[in-house]
Amino acid sequence: MNSDAFEPVMTQTWSNGRHAVRCVKVIQETWDVKTFCFMAEQPVMFFFKPGQFVTLELEIGGEAIFRSYTISSSPSVPYSFSITVKRVPGGEVSNWLHDNMSEGAKLAVHGPVGQFNCIDYPGDKVLFLSGGVGITPMMSMARWYFDTNSDVDMIFVHSARTPKDIIFRQDLENMVSRIANFKVSLICEHYESGQFWGGYRGFLDAAKLLMIAPDFMQREIYCCGPTPYMKAVKNMLREAGFDLKHYHEESFGETPEVVKEQVVQEAEQAAEMIEAIQPADLLEVCFANAGKSVQIAPGETIHAAAAKLGLHIPKACGMGICGTCKVKRVAGDIEMNHNGGITDEDIEEGYILSCCSVPKGNVTVEF
């Protein structure tokens with residue numbers, strides 16, 4: 001056999017950053033939910049922690065839009081990754097994806113990032129609680145345990161509006177039929193005329209939780225869903241005396257209105273401060289690649305400095321969660337208060353999140 005006939009596969013490994021991918025498959029999960037599968041042009045091993053997310057970089061209406069979505073696939077299938085998106089009435093990005101994202105479409109993604117995962121917070125016995133499209137990180141975790149033949153004891157509880165709204169129903173039924181350490185309970189708020197439903201009805205409450213998972217107090221709990229759902233679950237666990245050190249929830253998306261209001265107030269306060277600040281107190285931020293610099297008041301962020309120069313550093317969340325605004329610090333000290341959008345490895349290499357990094361002196365960044 002001629003060994004020269006075989007070419008070595010040059011496979012790269014995915015790491016946090018900006019990557020070009022293309023859509024290779026679109027799956028209609030329910031009447032208003034689709035899964036979009038992506039691969040790189042050249043072979044890339046998409047390693048990530050089950051539960052983490054990516055940020056899509058899209059152009060909609062001539063404007064650059066960034067939106068974060070949890071990866072719903074498992075890193076045990078490493079040459080592709082998937083996101084699962086629910087069409088939201090009036091949702092700019094979700095509707096655009098449903099109407100325009102098709103096989104062959106190319107785009108850029110940022111990530112993977114996120115502190116919500118089952119690798120950093122493992123457990124021998126776990127309880128997955130999800131509502132609506134919040135099922136996506138739970139499926140990534142469950143698929144990981146399933147594919148790696150883990151002996152983790154799993155209870156999977158999902159709440160949906162009606163039986164037709166249950167996402168990944170066939171996948172869940174397949175997993176239940178194949179392994180003994182995976183139990184699934186589905187709860188539907190109600191069912192419509194003509195629909196058969198023999199499962200739990202209403203909402204997840206303490207009584208249902210006790211029936212489904214009598215030993216929930218001894219489990220590692222992961223929760224994701226609409227904000228009211230997660231708030232109700234957390235209150236229920238707190239009232240039961242559950243140790244919240246073993247409770248983990250996903251939380252990201254569009255910048256909340258309260259945060260937007262806070263940003264506006266901070267900007268107004270900063271403007272007032274600048275009027276009272278002496279020139280000697282101003283700090284200089286230099287953007288090496290652009291060859292520009294600007295003076296800012298103490299307390300202003302690197303991102304705000306870039307905006308003053310008309311430099312657009314991509315940003316999605318504004319809270320240090322999505323990791324989109326990552327830049328490399330060349331010189332100077334900063335204080336960064338992030339929410340999981342950057343890895344320890346990136347920090348060691350000098351990267352920062354510009355939206356939540358405040359200079360402590362003169363600073364230079366690569367941008």
Side-chain angles (χ1 to χ4, degrees), residues 12-21 36 38 40 44-59 64-73 75 81-85 93 97 107-121 134 136-137 140-141 224 248-256 259-260 263 285 287 289 301-307 311-330 334-359 363 365-367:
Q12 297 180 343
T13 302
W14 201 27
S15 59
N16 184 15
R18 185 179 188 273
H19 305 272
V21 298
F36 302 94
F38 299 97
V44 170
M45 299 283 278
F46 290 103
F47 290 138
F48 55 90
K49 298 175 182 178
Q52 289 191 306
F53 61 89
V54 294
T55 299
L56 305 189
E57 180 180 331
L58 306 167
E59 184 175 328
I65 301 291
F66 298 83
R67 191 71 83 246
S68 298
Y69 290 99
T70 303
I71 301 171
S72 55
S73 56
F81 72 92
S82 304
I83 61 170
T84 301
V85 182
V93 178
L97 288 171
L107 70 156
V109 297
H110 300 256
V113 292
Q115 294 178 321
F116 179 72
N117 64 82
C118 62
I119 301 299
D120 294 334
Y121 303 100
T136 54
S140 182
M141 296 181 197
C224 186
H248 318 281
E249 68 178 24
E250 175 66 288
S251 178
F252 71 87
E254 294 187 60
T255 306
V259 175
K260 294 179 180 178
V263 170
V285 179
F287 296 89
N289 294 350
T301 65
I302 299 292
H303 199 278
L311 300 176
H312 177 66
I313 299 177
K315 182 178 73 171
C317 71
M319 297 177 284
I321 296 176
C322 70
T324 310
C325 66
K326 185 178 71 173
V327 295
K328 191 168 187 178
R329 176 172 54 88
V330 176
I334 58 95
E335 181 178 348
M336 178 170 59
N337 295 307
H338 68 90
N339 288 292
I342 189 168
T343 64
D344 292 337
E345 291 79 10
D346 279 341
I347 294 174
E348 289 177 4
E349 292 178 12
Y351 288 97
I352 62 173
L353 298 183
S354 61
C355 76
C356 55
S357 294
V358 175
V363 172
V365 297
E366 281 186 0
F367 190 82

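All of these numbers come straight from a predicted model, not from anything done at the bench.
In this structure E335 satisfies the side-chain contact (heavy atoms from CB on, under 4.5 Å) test together with N337, K360, sequence neighbours excluded. Evaluation of the side-chain contact (heavy atoms from CB on, under 4.5 Å) rule for V113 yields N16, F53 as partners, not counting sequence neighbours. Judged as a side-chain contact (heavy atoms from CB on, under 4.5 Å), and not counting sequence neighbours, the contacts of A305 are V285, F287, V294, I296. Not counting sequence neighbours, the partners of D120 by the side chain to side chain donor-acceptor pair (under 3.5 Å) test are K49, N117. Here P137 pairs with T70, F116, C224 under the side-chain contact (heavy atoms from CB on, under 4.5 Å) rule; sequence neighbours left out. For the side chain to side chain donor-acceptor pair (under 3.5 Å) test, residues two or more places apart in sequence or in another chain that qualify with E57 are R18, H110. For Y121, the ring pair (Phe, Tyr, Trp, His ring centres under 6.0 Å) partners two or more places apart in sequence, or in a different chain, are H248. For F81, the ring pair (Phe, Tyr, Trp, His ring centres under 6.0 Å) partners are W14, F38, F46, not counting sequence neighbours. Looking at residues two or more places apart in sequence or on another chain, you find no side chain to side chain donor-acceptor pair (under 3.5 Å) involving H338.
Put simply, the side chain of H19 never gets that close to the backbone of A40: no donor and acceptor are under 3.5 Å apart.
Rounded to the nearest 0.5 angstrom, H303 NE2 and L311 CG are separated by 10.0 Å. With values rounded to the nearest 0.5 angstrom, I342 atom CD1 is found 4.5 Å from M336 atom CE. In this structure, CZ on F48 lies 4.5 Å from CD1 on I71, to the nearest 0.5 angstrom.
Applying the salt bridge (Lys or Arg N to Asp or Glu O under 4.0 Å) test to every pair with at least one member in residues 338-350, sequence neighbours left out, gives these pairs: K326-D346.
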With a cut-off of 3.5 Å and sequence neighbours excluded, list every side-chain donor-acceptor pair involving residues 351-359.
{"unit_1": "S354", "atom_1": "OG", "unit_2": "C325", "atom_2": "O", "d": "3.1"}
{"unit_1": "S357", "atom_1": "OG", "unit_2": "L353", "atom_2": "O", "d": "2.6"}

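With I83 as the fixed residue, the side-chain contact (heavy atoms from CB on, under 4.5 Å) test singles out one of V109, V54, T136: V54.
Annotation for P50 and S140: closest pair CA-OG, 3.5 Å, computed over non-hydrogen atoms. Considering all non-hydrogen atoms of both residues, G114 and Q52 come closest at O-NE2, 3.0 Å. In plain terms, the two heavy atoms of T55 and T324 that are nearest each other are CG2-OG1, 3.3 Å.
The side-chain heavy atoms of V93 and L56, taken from C-beta on, include no pair separated by under 4.5 Å.
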